[in-house]
Amino acid sequence: MRYWLFKSEPDAFSIDDLASRPDQCEHWDGIRNYQARNFLRDEVKRGDRVFFYHSSCKHVGIVGLAEVVKEGYADHTQFDPESAYFDPKSDPSNPRWYMVDIKLLRKYERMLTLSDIKAMPDILDLGVVKKGHRLSIMPVSQHDTAILLSALQARNP
DNA sequence: GCCAACGTTGGC
DNA sequence: GCCAACGTTGGC
């Protein structure tokens, strides 16, 4: 089981939005970056865990934990001309964009902010603290996962 | 396949 | 809203 970090802009989709969904499940659509797509299509597996991260907002950081409940399948918004994510070049018989379904495991009332993470000396290779890393889907190493979980647990006993 | 122009991301 | 650091596009 691997850990991932998924970024979301809370104005578009927040941890509270996920919490209010039926079964607290939702599909993760709208990823339009090839590297992130490759993760969703090939590497994110059922049972993997996801750090839910709020970006482009006042309080940036990890706000929850989720579990992957459905592995990569075609993102339907690419075929919807009404959608902002419509991709006219994507062939339905060979979809270009993928998504997964996630289910909320817990929301952290006390979040772990980006500045908190940056101040943690033992974090090794978390993409979100590396300059210029803009991927919205990224793997988290076992090493960094343990540190993040421990810090989140300490804040949210 | 190169690479300049352009668009996007995302923290600040 | 700024702007650095990317990724994508498209002419050649």
Side-chain angles (χ1 to χ4, degrees), chain A residues 2-21 26-44 48-66 68 72-102 104 106-141 143-152 154-156:
Chain A
R2 297 178 73 183
Y3 275 79
W4 301 86
L5 185 144
F6 286 13
K7 294 181 188 173
S8 185
E9 300 189 11
D11 288 345
F13 188 73
S14 72
I15 190 81
D16 289 325
D17 291 327
L18 181 59
S20 66
R21 290 295 191 267
E26 186 57 287
H27 55 269
W28 200 266
D29 64 3
I31 298 300
R32 294 295 182 270
N33 168 283
Y34 286 104
Q35 202 177 342
R37 186 280 311 270
N38 292 344
F39 286 140
L40 289 178
R41 187 188 58 190
D42 306 330
E43 297 197 43
V44 178
D48 283 358
R49 299 272 168 101
V50 173
F51 290 110
F52 195 112
Y53 178 94
H54 280 174
S55 68
S56 294
C57 60
K58 188 163 186 179
H59 301 293
V60 172
I62 295 170
V63 292
L65 195 65
V68 177
Y73 62 110
D75 177 343
H76 56 84
T77 62
Q78 68 194 307
F79 305 124
D80 177 6
E82 304 298 311
S83 169
Y85 298 119
F86 178 58
D87 183 350
K89 295 181 187 169
S90 183
D91 175 359
S93 67
N94 182 25
R96 180 178 288 186
W97 305 113
Y98 282 73
M99 61 186 185
V100 300
D101 290 356
I102 66 168
L104 183 65
R106 72 173 292 184
K107 174 187 170 183
Y108 297 114
E109 295 300 329
R110 300 189 60 201
M111 68 184 294
L112 192 62
T113 68
L114 178 58
S115 60
D116 290 335
I117 297 169
K118 285 180 173 172
M120 296 163 68
D122 296 331
I123 290 286
L124 284 184
D125 52 7
L126 186 63
V128 100
V129 299
K130 288 191 207 161
K131 193 168 185 176
H133 275 239
R134 301 182 310 170
L135 271 182
S136 53
I137 304 275
M138 62 184 75
V140 183
S141 68
H143 176 271
D144 287 348
T145 292
I147 295 169
L148 294 174
L149 287 175
S150 164
L152 284 160
R155 279 170 175 71
N156 300 271

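First the proteins, then the strands, lettered A, B, ... as listed; each starts at 1.
- Between the C1' atom of dA5(C) and the CD atom of Gln35(A) lies a distance of 14 Å, rounded to the nearest Å.
- With 3.5 Å as the limit, one finds no donor-acceptor pair spanning the side chains of Asp29(A) and Thr77(A).
- Remark: the Asp101(A) side chain and the Tyr73(A) side chain contain an N/O donor-acceptor pair separated by less than 3.5 Å.
- Comparing dC12(B), dC6(C), dG10(B) against the side chain of Lys7(A) picks out dG10(B) as the nearest.
- Side-chain polar atoms of Asp91(A) and Ser93(A) form a donor-acceptor pair below 3.5 angstrom.
- Within the 4.5 Å cutoff, no side-chain heavy atoms of Asp80(A) are placed close to those of Tyr85(A).
- Ion pairing between a basic and an acidic side chain is recognised when a charged N comes within 4.0 Å of a carboxylate O; Lys130(A) and Asp125(A) show no such pairing.
- Checked against dG10(B), dG10(C), dG11(B), the side chain of Lys89(A) finds its nearest nucleotide in dG10(C).
- Between Lys58(A) atom NZ and dG1(C) atom C1' there is a gap of 17 Å when expressed in whole angstrom units.
- The bend of the helix from dG1(B)-dC12(C) to dC12(B)-dG1(C), defined by the angle between the axes of its first five and last five pairs, stands at 10° to the nearest 10°.
- In this structure, Tyr53(A) places its OH atom 12 Å from C1' of dT9(B), rounding to the nearest Å.
- Between Met138(A) atom CE and dC6(C) atom C1' the separation is 13 Å, expressed in whole Å.
- Taking atom CG on Leu135(A) and atom P on dG11(B), their separation rounds to 13 Å, with Å as the unit.
- Rounding to whole angstrom units, CG of residue Asn33(A) and P of dG7(B) are separated by 18 Å.
- Here dT9(B) presents its C1' atom at 8 Å from CD of Glu9(A), a figure rounded to the nearest Å.
- Relative to the side chain of Tyr34(A), the nucleotides dG11(B), dT8(C), dG10(B) differ in distance, and dT8(C) lies closest.
- At the heavy-atom level, Lys130(A) lies nowhere under 4.0 Å from the strands shown.
- Comparing His133(A) and Arg96(A) against DNA chain C, the residue whose closest nucleotide sits nearer the 5' end is His133(A).
- From Phe39(A), atom CZ reaches atom CG of Leu135(A) across 6.5 Å, with rounding to the nearest 0.5 Å.
- Closest heavy-atom contact between Arg21(A) and Phe13(A): NH2-CE1, 3.6 Å.
- When the C1' atom of dG7(B) is taken as reference, atom CG of Asp87(A) falls 16 Å away, rounded to whole Å.
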